[in-house]
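This report refers to the structure that appears directly beneath it.
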Amino acid sequence: MARPRRFPNPALFICDIQEKFRPAIHEYPKVISTAQKLIRACITLRIPIYATTQSSSRLGPICSELTAATPNNSLFTIDKTAFSMLVPDLRFAMQSNSPNNEPYQVAIVGIETHICVTQTALDLLSEGHRVYVLVDGVSSCNAGERTVALERLRAEGAIVTSSEGWLYECMGDAGIPEFKTIAGLVKETKESTKDAVQTLCKM
């Protein structure tokens, strides 16, 4: 099966989950663990992953836990200075993976919710893509900014949901060959997922 059945053209966006932000971002370990799980799931489901860093020369590389979630300890990352992830190099990669220019069903995790995540989501929505902001995978330095941003994104047309909800919607059917692997991953990460959802959904 080339694609999960429920979404014709899914993608995962990982926004600026970088080493330098560890001391600053509210509940950052939970954001990282959610992104790790999603990377592993998307590799199994053959869903493209688009990751960015913000000014990596100053703010450091992508967090090591994310590269460790890949088979070869390498996650292709585009560096940027713009707040939105939709810079030319990323647009080119998206078009290369979707030659018919079909709209994507994009899940976004990363930071900061009210800046880079918001501007990325707004740009995607304006271009006709469906946007899923994963509540257990986004945060900001100031937890209050996160709450305001999620309210705004709902109003703008983004779907605010959980990482597990998005994954199961991607699959759509327990009969697909990858289901057993994904179900095993969900079971393996159930405690970290529970912790992230219970903490970050309260905000």
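Not a single donor-acceptor pair under 3.5 Å links the side chain of Arg6 to the backbone N or O of Tyr168. Put simply, the side chain of Thr189 gets close to the backbone of Leu185: a donor and an acceptor are under 3.5 Å apart. Between the side chain of Gln18 and the main chain of Gly60, a donor-acceptor pair closer than 3.5 Å is present. Using a distance-only test at 3.5 Å, with no hydrogens or angles considered, a donor-acceptor pair links the side chain of Gln54 to the main chain of Thr81. In this structure, the side chain of Ser139 does not engage the main chain of Tyr28 through any donor-acceptor pair within 3.5 Å. A donor-acceptor pair under 3.5 Å links the side-chain atoms of Lys80 to the main chain of Phe83, judged by distance alone. In this structure a side-chain-to-backbone donor-acceptor pair under 3.5 Å is present from Asp173 to Gly175. For the pair Thr120 (side chain) and Ser84 (backbone), a donor-acceptor distance under 3.5 Å is absent. At distances below 3.5 Å, not a single donor-acceptor pair connects side-chain atoms of Thr77 with backbone N or O atoms of Thr53. Looking only at distances, a side-chain donor or acceptor of Asn9 sits under 3.5 Å from a matching main-chain atom of Glu102.
In this structure, Ser55 and Asp79 approach most closely via the heavy-atom pair N-OD1, 3.4 Å. Between Ala11 and Ile47 the shortest heavy-atom distance is CA-CG2, 3.7 Å. Closest non-hydrogen pair, Ala158 versus Val133, comes out as CB-CG2, 4.2 Å. Across all their heavy atoms, Ser163 and Asp136 have their closest contact at OG-OD2, 2.6 Å. In terms of heavy atoms, Ala107 sits closest to Leu134 at CB-CD1, 3.8 Å. Between Cys116 and Cys15, the closest heavy-atom pair is CB-SG, 3.5 Å.
One distance of note links CG of Leu167 with OG of Ser162; it measures 8.5 Å at 0.5 Å rounding. A distance of 12.0 Å separates OG of Ser56 from CD1 of Ile78, quoted to the nearest 0.5 Å. Rounded to the nearest 0.5 Å, atoms CD1 (Ile14) and CD (Gln36) are 10.0 Å apart. Here the CG atom belonging to Leu86 is positioned 4.5 Å from the CG atom belonging to Leu124, to the nearest 0.5 angstrom. Atom CD1 in Ile115 sits 7.5 Å away from atom SG in Cys141 (nearest 0.5 Å). Rounded to the nearest 0.5 angstrom, Ile43 CD1 and Ile49 CD1 are separated by 5.0 Å.
A salt bridge links Arg91 to Glu127: at least one charged side-chain nitrogen sits closer than 4.0 Å to a carboxylate oxygen.
For the pair Pro10 and Glu169, the minimum side-chain heavy-atom distance is 4.5 Å or more. Looking only at side-chain heavy atoms (C-beta outward), His26 and Asn142 stay at 4.5 Å or farther from each other. You'll find the side chain of Glu19 reaches within 4.5 Å of the side chain of Ser64, heavy atoms only. When side chains are defined from C-beta on, Pro8 counts as touching Gln105, because their heavy atoms get closer than 4.5 Å. A 4.5 Å side-chain heavy-atom check between Val197 and Val135 finds every atom pair outside the cut-off. Leu150 is listed as a side-chain neighbour of Arg154, based on a closest heavy-atom distance under 4.5 Å. Pro103 has its side chain out of reach of Arg130: every pair of non-hydrogen atoms, C-beta onward, lies at least 4.5 Å apart. Using a 4.5 Å cut-off on side-chain heavy atoms (C-beta onward), Val109 and Val31 make no contact.
Counting only N and O atoms by type, the side chains of Ser192 and Lys37 include no donor and acceptor under 3.5 Å apart.
Taking the six-membered ring where the residue is Trp, Trp166 and Phe7 present tilted rings, their angle falling between 30° and 60°.
Val87 and Val106 end up in the same hydrophobic cluster when Ile, Leu, Val, Met, Phe, Trp and Tyr side chains are linked at under 4.5 Å. Hydrophobic clustering places Met85 together with Phe76 (ILVMFWY residues linked when any side-chain heavy atoms are closer than 4.5 Å, directly or through intermediates). Clustering ILVMFWY residues whenever any of their side-chain heavy atoms sit less than 4.5 angstrom apart, transitively, puts Val148 in a cluster other than the one holding Val131.
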> Passes side-chain contact (heavy atoms from CB on, under 4.5 Å), Thr118 versus Glu156? Steps please.
Replying inline: CA-CA 10 Å; Thr118 288; Glu156 296 282 357; over 6 Å; no
> What's the verdict on side-chain contact (heavy atoms from CB on, under 4.5 Å) for Thr34 and Thr193, showing C-alpha distance, side-chain angles and the deciding distance?
Replying inline: CA-CA 7 Å; Thr34 297; Thr193 298; over 6 Å; no
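Screening Arg146, Glu145, His114 for a side-chain hydrogen bond (donor to acceptor under 3.5 Å, both in side chains) with Ser140, the sole residue that qualifies is His114. Shown are Val138, Asp16, Ile25, Val117; of these, the side-chain contact (heavy atoms from CB on, under 4.5 Å) with Glu112 is made only by Ile25.
You'll find the ring centres of Tyr104 and Phe13 outside the 6.0 Å limit.
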